> 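My structure is below; once you've seen it, I'll send some questions.
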Amino acid sequence: MKRAEIEEIIHKHNMFLNKKEGGIYADLSSANLRSADLSSANLRSADLRYADLRYANLRSADLSDAD
């Protein structure tokens, strides 16, 4: 998955969490996020089931209630 795609998904997920129009729930299940920079990303309640997070930078990322 390309960086721009990941950033767009996270942006729309944040809109969803803040109940803003156009926001969508982040479904990153089975996504290839290997080596992705997800530092400080708000992925609260996102679906990360089976996502490849090997070597991903998750420093300060909010993964609370993520699956």
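Values reported hereafter were calculated over all heavy atoms of this structure, with side chains retained and with hydrogens, waters and symmetry mates removed. As the structure is a prediction and not an experimental result, all values here were calculated from the model. We count residues from 1, following the sequence as given.
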> Return each pair, listed once, that meets salt bridge (Lys or Arg N to Asp or Glu O under 4.0 Å) where at least one residue sits in residues 42-65; pairs must be two or more places apart or across chains.
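Matches after skipping sequence neighbours: R44-D62, D47-R49, R49-D67, D52-R54.
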> For the CG atom of N14 and the CD1 atom of I24, what is their distance to the nearest 0.5 Å?
11.5 Å
> In Å and rounded to the nearest 0.5 Å, what is the NE2 to NZ distance from H11 to K20?
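Here the rounded value is 8.5 Å.
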> For residues S60 and S39, determine if any side-chain heavy atom of one lies less than 4.5 Å from a side-chain heavy atom of the other.
no
> Is I9 reachable from L58 through a run of hydrophobic residues whose side-chain heavy atoms are each under 4.5 Å from the next?
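As far as the 4.5 Å side-chain criterion goes, I9 and L58 are connected within one cluster.
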> Is there a side-chain contact between R3 and D37 in this structure, where contact means two heavy atoms from C-beta onward sitting under 4.5 Å apart?
yes
> Heavy atoms only: give me the nearest A31-M1 pair and the separation to one decimal.
CB-CE, 4.3 Å
> Any donor-acceptor pair under 3.5 Å linking the side chain of E5 with the backbone of K2?
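At least one qualifying donor-acceptor pair exists.
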> Could you measure the distance from the CG atom of L28 to the OH atom of Y25? Nearest 0.5 Å is fine.
9.0 Å
> What is the minimum heavy-atom distance between A51 and L33, and which atoms define it?
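What the structure gives for the nearest pair is CB-CD1, 4.3 Å.
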> Are I6 and L63 grouped together when hydrophobic residues (ILVMFWY) are joined by side-chain heavy atoms under 4.5 angstrom apart?
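Yes, I6 and L63 fall within the same hydrophobic cluster.
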